[in-house]
Amino acid sequence: MLVAFSVTPLGVGDGVAEYVADAVRVVRESGLPNHTDAMFTTVEGDWDEVMAVIKQAVDAVAAKAPRVSVVLKADALTAKMESLERHLAG
């Protein structure tokens with residue numbers, strides 16, 4: 001799976017970088033392949049391990065913020081890559 005997610009702390013004012021950093025730190029320490037940009041953090045792995053990391057990241061933000069909003073997009077990466085490779089080979 002390839003999962004892109006964003007975590008937004010609510011009720012903490014305008015400065016959210018400290019809270020988001022807590023979430024990104026959890027992802028980076030997970031050991032799973034990941035990438036963070038201005039909109040999402042993307043994590044790659046099997047469904048259960050990726051969702052467990054996302055839960056830990058949300059929990060890290062929720063430990064300091066009264067509310068947390070989560071946006072998540074998931075894709076079954078394997079099937080798409082297999083199809084792409086077939087087209088490249090043909």
Side-chain angles (χ1 to χ4, degrees):
M1 294 296 299
L2 194 60
V3 180
F5 76 103
S6 65
V7 178
T8 305
L10 303 174
V12 297
D14 292 334
V16 299
E18 171 189 348
Y19 302 90
V20 174
D22 289 341
V24 172
R25 189 173 297 109
V26 168
V27 173
R28 290 183 178 174
E29 290 174 355
S30 75
L32 295 177
N34 65 83
H35 171 78
T36 299
D37 59 37
M39 293 184 62
F40 290 100
T41 293
T42 303
V43 186
E44 185 177 345
D46 73 35
W47 179 258
D48 290 335
E49 64 186 356
V50 168
M51 293 308 291
V53 168
I54 292 171
K55 180 185 182 318
Q56 291 171 2
V58 171
D59 288 347
V61 176
K64 295 181 180 178
R67 292 180 59 207
V68 180
S69 174
V70 181
V71 174
L72 185 140
K73 292 179 67 173
D75 193 353
L77 180 67
T78 305
K80 289 190 177 206
M81 293 307 297
E82 289 170 356
S83 176
L84 175 64
E85 290 300 330
R86 279 195 307 274
H87 286 290
L88 290 171

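Keep in mind that the numbers below use all heavy atoms, side chains included, and drop hydrogens, waters and symmetry copies.
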Would you list the pairs meeting side-chain hydrogen bond (donor to acceptor under 3.5 Å, both in side chains) in which at least one residue belongs to residues 48-57, sequence neighbours left out? Lys55-Asp59

According to salt bridge (charged side-chain N to carboxylate O under 4.0 Å, His left out), does anything in residues 1-21 pair up with another residue at least two apart or in another chain? List the pairs. Glu18-Lys64

Shortest non-hydrogen contact from Ala74 toward Trp47: CB-CZ3, 4.0 Å

Thr42 vs Leu2, test: side chain to side chain contact (heavy atoms under 4.5 Å, CB included). Steps then yes/no. CA-CA 7 Å; Thr42 303; Leu2 194 60; 3.5 Å; yes

For Val20, all residues meeting side-chain contact (heavy atoms from CB on, under 4.5 Å), sequence neighbours excluded: Pro9, Val16, Val24

State which residues pass side chain to side chain donor-acceptor pair (under 3.5 Å) with Thr36; sequence neighbours excluded, sorted by chain then number. Thr41

Listed partners of Asn34 passing side chain to side chain donor-acceptor pair (under 3.5 Å), at least two apart: none

If the condition is side-chain contact (heavy atoms from CB on, under 4.5 Å), which residues does Val71 pass it with, not counting sequence neighbours? Ser6, Phe40

Using links of under 4.5 Å between side-chain heavy atoms of ILVMFWY residues, direct or through other members, which residues join Leu10 in one cluster? none

The side-chain contact (heavy atoms from CB on, under 4.5 Å) partners of Ala52 (sequence neighbours excluded) come to none

4.5 Å side-chain heavy-atom contact, Val3 and Leu72: yes

For a 4.5 angstrom cut-off between non-hydrogen side-chain atoms, does Phe5 reach Val43? yes

By salt bridge (charged side-chain N to carboxylate O under 4.0 Å, His left out) - contacts of Lys73 (at least two apart): none

Results of salt bridge (charged side-chain N to carboxylate O under 4.0 Å, His left out) for Arg25 - residues two or more places apart only: Asp22

So, taking the atom named CG in Asp75 and the one named CD in Glu44, what distance separates them when rounded to the nearest 0.5 Å? 10.5 Å

Show every salt bridge (charged side-chain N to carboxylate O under 4.0 Å, His left out) that has at least one partner inside residues 26-37, sequence neighbours left out. none

